[in-house]
Amino acid sequence: MSIHFIDELILDIYVKKELVCDVNFNNKDNLECYLKKLFKILKSKYDIRIEGFYEITVYLDKFYGVVLHLEKDDLDYYDYFKNQVDMRIITVDTNFMYLVDDIPRDILNKVKVYIEDNNIYLKIKDELTDLEMMKLLENSELIYDK
C-alpha cells in the first residue's frame with residue numbers, strides 16, 4: 001500500500017490486489033467495513049487521521065488492485081464529525097494505464113500500447129508476473145482516471 005497526498009484535503013491510497021482479494025467492492029456493507037479497517041491502519045501505522053465527510057471514489061483494476069481517491073469536504077461544522085467518518089462512495093471499474101518513457105520489450109505481448117500527445121501509455125491485457133509488475137510500476141506513472 002502506498003499513499004499520495006495531493007493536498008491537505010485530497011489523498012490517493014494505492015492498494016495492490018493481493019491485499020484486497022477478499023473484499024467485495026460491489027457490496028456496500030463489505031466495502032464500508034474494509035474502509036473502516038483501513039482507516040484504523042492509517043491512524044495507527046502512519047498517524048493519518050481520516051475524520052469528517054469524504055467523497056471516496058474506488059477505482060478497480062483486475063490487474064493492479066484499487067486506488068482509493070479520498071476528497072475531504074471542508075465543512076464549517078467540523079466539530080460534528082470529530083473522531084467520526086461519513087462518506088459517499090462511488091465505485092468505478094476501469095483499466096489502469098501506465099505512462100512510460102520506453103516500452104519494456106519483455107512485456108510487449110502482455111500490454112496494449114497507446115500513443116497520445118507524444119506520450120506512451122500501456123494497458124495490461126494479460127496477467128503480469130510479480131517481477132514484471134514491479135518493473136512496470138517502478139518505470140511508469142499509474143493513470144487511474146483516464
Side-chain angles (χ1 to χ4, degrees), residues 1-75 81 83-146:
M1 175 171 63
S2 65
I3 302 162
H4 175 70
F5 287 91
I6 297 167
D7 62 30
E8 65 274 356
L9 298 176
I10 302 172
L11 72 135
D12 288 340
I13 303 171
Y14 298 83
V15 186
K16 292 184 182 176
K17 68 180 179 181
E18 294 83 19
L19 300 174
V20 292
C21 60
D22 59 343
V23 179
N24 181 354
F25 287 96
N26 296 316
N27 179 306
K28 183 180 177 181
D29 293 333
N30 192 276
L31 179 55
E32 285 181 4
C33 183
Y34 168 73
L35 289 173
K36 287 177 184 177
K37 288 178 188 176
L38 178 66
F39 297 158
K40 286 180 183 178
I41 291 170
L42 292 174
K43 182 180 176 184
S44 66
K45 286 190 176 183
Y46 304 102
D47 198 29
I48 298 171
R49 294 182 181 271
I50 305 295
E51 298 174 337
F53 181 80
Y54 285 84
E55 284 213 16
I56 302 173
T57 306
V58 181
Y59 294 94
L60 303 167
D61 176 82
K62 68 180 180 178
F63 296 111
Y64 176 82
V66 299
V67 173
L68 303 167
H69 181 78
L70 286 75
E71 290 191 37
K72 185 174 184 177
D73 197 346
D74 196 16
L75 300 173
F81 289 114
N83 297 320
Q84 294 182 10
V85 177
D86 194 13
M87 53 192 137
R88 180 174 164 246
I89 303 170
I90 300 168
T91 304
V92 179
D93 283 312
T94 188
N95 294 311
F96 294 168
M97 303 283 277
Y98 300 84
L99 176 63
V100 296
D101 292 327
D102 241 349
I103 301 172
R105 294 178 193 256
D106 58 334
I107 64 169
L108 194 55
N109 60 335
K110 295 181 178 182
V111 297
K112 282 185 157 184
V113 178
Y114 298 92
I115 298 175
E116 182 180 308
D117 298 329
N118 294 325
N119 291 315
I120 303 170
Y121 298 92
L122 303 179
K123 184 190 295 186
I124 300 173
K125 63 180 185 178
D126 292 321
E127 194 76 35
L128 299 178
T129 66
D130 289 342
L131 183 59
E132 291 170 336
M133 182 60 102
M134 268 193 321
K135 282 183 182 178
L136 178 59
L137 290 172
E138 286 176 8
N139 297 299
S140 68
E141 179 185 336
L142 181 70
I143 309 294
Y144 62 84
D145 62 351
K146 188 162 183 148

For a 4.5 angstrom cut-off between non-hydrogen side-chain atoms, does [X] reach [Y]?
X	Y	result
Leu136	Phe63	no
Asp102	Asn139	no
Asp130	Glu18	yes
Ile6	Glu71	no
Leu137	Tyr98	yes
Ile10	Leu70	no
Asp61	Val67	no
Glu51	Phe39	no

Using 0.5 Å steps for rounding, measure from the [atom1] atom of [X] to the [atom2] atom of [Y].
X	Y	atom1	atom2	value
Leu99	Tyr114	CG	OH	14.5 Å
Lys17	Tyr64	NZ	OH	11.5 Å
Met87	Asp73	CE	CG	14.5 Å
Met133	Lys110	CE	NZ	10.5 Å
Ile13	Ile56	CD1	CD1	8.0 Å
Lys28	Leu35	NZ	CG	11.5 Å

Inset, instruction - Determine the minimum heavy-atom distance between Glu132 and Asp106, stating which atoms define it. - result: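 The answer is OE2-O, 4.0 Å.
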Inset, instruction - For Phe25 and Val58, work out which heavy atoms get closest and say how close. - result: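 Scanning both residues, the minimum pair turns out to be CD2-CG1, 3.8 Å.
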Is it true that atom [atom1] of [X] has more than 12 heavy atoms of other residues, nucleotides or ligands lying nearer than 6.0 Å?
X	atom1	result
Lys135	NZ	no
Lys37	NZ	no
Asn109	CG	yes

Inset, instruction - Dump the intermediate steps for side-chain contact (heavy atoms from CB on, under 4.5 Å) on Leu60 and Thr94, then the final yes or no. - result: CA-CA 6 Å; Leu60 303 167; Thr94 188; 6.0 Å; no
Legend entry - Asn24 (side chain) donor-acceptor with Asn30 (main chain) under 3.5 angstrom: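 No, because the side chain of Asn24 does not come within donor-acceptor range (under 3.5 Å) of the backbone of Asn30.
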Legend entry - Lys62 side-chain N/O to Asp93 backbone N/O, donor-acceptor pair under 3.5 Å: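 Flag not set: sc Lys62 to bb Asp93 has no pair under 3.5 Å.
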Inset, instruction - Please state whether the rings of Tyr59 and Tyr144 are parallel, tilted or perpendicular, taking 30° and 60° as the class boundaries. - result: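 Plane angle between 30° and 60°, so tilted.
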